[in-house]
Colleague: 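Below are the structure tokens for one structure; questions will follow.
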Amino acid sequence: MDTSQTPGCEAIKSGEPMLDLFRREWTNPPSGQLHDISAVSISAAITDTETVDLPTDQHSLLGLAAFVQLHRLHYLEYARARLVDESASRAAVEATIAAVTGRWSDFLQNARPAADAWQQLRTQIRTASGGADAGAPDPAVELLYGALPPDTADTAVLRWRLAMTPEAIADLMGTDPPAVAACLLTVRRHFSAATLQQLEQQPSRP
């Protein structure tokens, strides 16, 4: 593995503390996609040891920072597809990352930490969808979840709305490419090409 492309490798060589690295990766990511931390704030979480048990091992902390940097943008795009509302989408992702941060050591004990994190994101989306402030869902997306199992509907959203490859979907959801391919085949059997083309259209967000 070429670690020269891993987030934070330059910081390791320069001796930057891992906690400072994680704060920088969250609050000032290289992508420039800053997070709205008005809801569940990761920066608050990593300074409140009673709320979140942040990993103290440098390698674990680096892995957490890399995980956040790798997945958060796709998490946000998925949340937008499900919730439409921007503030609700960001809050759901922030809550997910805070939960993952607090249980990172436990996640690493499992074979597929990305799958555990994805389940956490789905839980946050479900909670936000049922909230009093929930906006009107996207009909094309809701059609999927009314007709398909959650995993299958998720793969459809990621493939047609977010235009992700099956391999990228598998990495994000913590599953295998053949399982993703099977889900996509199920989607194609249930829905016409015209319906899936409608799913590709991005709705206007409030």
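Values below: every heavy atom of this structure, side chains too, minus hydrogens, waters and symmetry copies.
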Colleague: Quick one, S129 and L83 - any side-chain contact, counting heavy atoms below 4.5 Å?
Modeller: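 Sidechains of L83 and S129: in contact.
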Colleague: Closest approach of V141 and A81, non-hydrogen atoms and distance?
Modeller: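 Nearest heavy atoms, V141 then A81: CG2-O, 3.7 Å.
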Colleague: Donor-acceptor pair, distance only, cut-off 3.5 Å: does the side chain of D85 make one with the backbone of S87?
Modeller: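 The answer is yes, because a donor-acceptor pair under 3.5 Å joins these two groups.
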Colleague: What's the spacing between Q119 CD and D151 CG if we round to 0.5 Å?
Modeller: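 Q119 CD to D151 CG: 6.5 Å, rounded to 0.5 Å.
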Colleague: So, does S89 use its side chain to make a donor-acceptor pair with the main chain of A79 at under 3.5 Å?
Modeller: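 It does hold such a pair.
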Colleague: For P166 and L184, which heavy atoms make the closest approach, and how far apart are they?
Modeller: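 Nearest pair, atom of P166 first, then L184: CG-CD1, 4.1 Å.
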Colleague: Does the side chain of I125 come within less than 4.5 Å of T96's, by heavy atoms?
Modeller: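 The answer is no; the side chains never approach within 4.5 Å.
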Colleague: Can you find a heavy atom in the side chain of F67 that is under 4.5 Å from one in the side chain of T101?
Modeller: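 No; the side chains remain at least 4.5 Å from each other.
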Colleague: Would you say the side chain of H190 lies within less than 4.5 Å of the side chain of T152, judging by non-hydrogen atoms?
Modeller: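 No, side chains not in contact.
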Colleague: Rounded at 0.5 Å granularity, tell me how far CG in L162 sits from CG in L172.
Modeller: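 Answer rounded to 0.5 Å: 8.5 Å.
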Colleague: Can you tell me how far CZ of R103 sits from CG of N110, rounded to the nearest 0.5 angstrom?
Modeller: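 Going from the CG atom of N110 to the CZ atom of R103 covers 8.0 Å.
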Colleague: Kindly indicate whether a cation-pi arrangement holds for R82 with Y145, taking the cut-offs as under 6.0 Å to the six-membered ring centre and within 45° of the axis.
Modeller: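 Pair R82/Y145 counts as cation-pi.
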Colleague: Hey, are the side chains of V93 and I97 touching, using non-hydrogen atoms and a 4.5 Å cut-off?
Modeller: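 Result yes, sub-4.5 Å side-chain heavy-atom pair found.
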Colleague: Quick one: pull up CZ in R126 and OG1 in T123 and give me the separation to the nearest 0.5 Å.
Modeller: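 One finds 4.5 Å between CZ of R126 and OG1 of T123.
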Colleague: Please report the C-alpha distance between D116 and V100 in whole Å, then the side-chain angles of each, then the deciding distance to 0.1 Å, and finally whether the side-chain contact (heavy atoms from CB on, under 4.5 Å) criterion is met.
Modeller: CA-CA 9 Å; D116 294 336; V100 170; over 6 Å; no
Colleague: Identify the two heavy atoms, one from G174 and one from A114, that lie closest to each other, and give their separation to 0.1 Å.
Modeller: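 Nearest pair, atom of G174 first, then A114: CA-CB, 3.8 Å.
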Colleague: Aromatic contact between W118 and Y78, with the criterion being ring centroids under 6.0 Å apart: yes or no?
Modeller: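 Yes, they do, as the ring centres are separated by less than 6.0 Å.
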Colleague: Kindly give the heavy-atom pair with the smallest separation between Q198 and A140, and that separation in Å.
Modeller: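 Result for this residue pair: O-CB, 4.5 Å.
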Colleague: Between I169 and H74, is there a side-chain heavy-atom distance shorter than 4.5 Å?
Modeller: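 A side-chain contact is absent here, since even the closest heavy-atom pair is not under 4.5 Å.
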Colleague: With rounding to the nearest 0.5 angstrom, report the CH2 to CG distance, W160 to L196.
Modeller: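 The distance works out to 5.0 Å.
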Colleague: Can you measure from CZ (R112) to CG (D171) and round to the nearest 0.5 angstrom?
Modeller: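 Here the interatomic distance stands at 10.0 Å.
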Colleague: If you apply the rule side-chain contact (heavy atoms from CB on, under 4.5 Å), what do you find for M173 with L121, and how did you get there?
Modeller: CA-CA 10 Å; M173 294 181 63; L121 176 61; over 6 Å; no
Colleague: Charged N to carboxylate O below 4.0 Å: is that the case for D138 and R80?
Modeller: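 No salt bridge links D138 with R80.
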Colleague: May I ask you to decide if the ring planes of W104 and F107 are parallel, tilted or perpendicular, using 30° and 60° as cut-offs?
Modeller: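 Ring orientation of W104 relative to F107: tilted.
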